[in-house]
There are 2 protein chains.
Amino acid sequence: MNKSNLYKGCLEPIIMQLLSDKGRMYGYEITQKVKDLTKNELQITEGALYPLLHRLEASGILEVEMENIGNRVRKYYSLTKSGKKQTKIALTEIQAFLDTLQTLVNPKLA
Amino acid sequence: MNKSNLYKGCLEPIIMQLLSDKGRMYGYEITQKVKDLTKNELQITEGALYPLLHRLEASGILEVEMENIGNRVRKYYSLTKSGKKQTKIALTEIQAFLDTLQTLVNPKLA
DNA sequence: TTGAATACCTAATTTGTTTATGTATTTAAT
DNA sequence: ATTAAATACATAAACAAATTAGGTATTCAA
């Protein structure tokens with residue numbers, strides 16, 4: 001993540017962390033998991049999620065396995081080897097970003 | 001801040017917090033202060049800052065005092081009464097947002 | 001005297017969202 | 001049996017908040 005980006009791109013590390021934790025997930029599952037984990041605070045919209053998953057796949061961070069569930073197709077995403085490396089970096093960066101924001105927004109806790 | 005906004009609008013509460021803390025500041029001073037406080041991690045661009053200050057002024061959150069420093073004009077911004085109320089709300093919201101992100105990105109610390 | 005720092009500003013562009021819309025299957029309720 | 005809600009994928013248009021790039025002008029330091 002570009003450090004000068006004050007805000008954008010939090011969705012990407014969130015998804016990378018989840019996949020790092022769960023091994024593999026499909027899109028809809030991710031939306032539900034985030035909704036669950038955040039007690040409905042964060043609702044990932046599909047319009048944000050699916051294009052992002054496609055971008056991460058195209059850039060070699062994620063790989064996809066199709067699975068047939070009844071007559072329905074489910075697309076399971078997981079981190080590639082390269083994706084795992086980049087996840088470590090991304091998580092370190094977003095953690096630094098959150099720490100920075102935290103001290104700015106609540107300097108008493110600094 | 002819209003809770004479903006995964007990212008946007010962190011600059012706004014940062015500025016509100018700073019003004020809440022310092023009483024009054026001018027634009028350039030804000031950029032330098034943030035740069036300082038974050039050890040060069042966050043560089044607020046003027047293209048983001050000035051339009052935001054103008055928006056906050058237009059919406060009655062900030063008020064402005066012009067001051068002549070030599071031949072130069074400095075615009076000091078401070079929170080209005082209404083702005084102070086909204087700052088409390090904004091800071092509570094961004095804190096919740098940061099906590100949420102924190103647990104997602106590092107569930108071990110949850 | 002010249003470049004860097006101070007101090008303001010805006011327009012065009014980029015980017016990552018939301019909103020809206022679509023398809024189709026499966027499950028639960030009436 | 002029928003219908004609504006949930007599951008599961010997807011994309012296009014619109015939007016908002018940033019970046020980039022440009023501008024003006026003063027002050028300070030080399």
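The chains referred to below are lettered A, B, ... by the order of the sequence lines, with proteins before strands, and numbering in each begins at 1. Everything quoted here is computed from the prediction, not taken from an experiment.
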- Hey, is Lys88(A) close enough to Glu93(A) for a salt bridge, meaning N to O under 4.0 Å? no
- Item | Nearest-0.5 Å distance, CG of residue Leu52(A) to OH of residue Tyr77(A) | 10.0 Å
- In this structure, CD of Gln17(B) is separated from CG of Leu79(B) (nearest 0.5 Å) by 10.0 Å
- Which nucleotide sits closest to the side chain of Pro51(A): dT11(D), dT19(D), dT18(C)? dT11(D)
Anything under 3.5 Å between a donor and an acceptor, one on a side chain of residues 53-60 of chain B, the other on a protein residue two or more places apart or in another chain? List them.
unit_1, atom_1, unit_2, atom_2, d
His54(B), ND1, Tyr50(B), O, 3.3
Ser59(B), OG, Arg55(B), O, 3.2
Ser59(B), OG, Leu56(B), O, 3.2

- Query: Base, backbone or nothing for each nucleotide of nucleotides 21-30 of chain D, written B, S, -, heavy atoms under 4.0 angstrom, 5' to 3'?
  - Reply: -----BS---
- Let me know which of Ile61(B), Val34(B), Ile30(B) forms a side-chain contact (heavy atoms from CB on, under 4.5 Å) with Ile15(B). Ile30(B)
- Message: If you compare every side-chain N and O of Tyr50(B) against the phosphate oxygens of dC9(C) (OP1, OP2), does one of them come in below 4.0 Å?
- Response: no
- Query: With a 4.5 Å heavy-atom cut-off, do Met25(A) and Lys33(A) have their side chains touching?
  - Reply: yes
- Note on the structure: Out of dA7(C), dT10(C), dT19(C), minimum distance to the side chain of His54(B) belongs to dT10(C)
- Want to settle it: does Ala48(A) or Arg74(A) sit nearer the 5' end of DNA chain D, counting the closest nucleotide to each? Arg74(A)
- Task: Return the residues of residues 19-28 of chain A meeting this criterion: a heavy atom under 4.0 Å from some atom of DNA chain D. Order them by number, or give none.
- Result: Tyr26(A), Gly27(A), Tyr28(A)
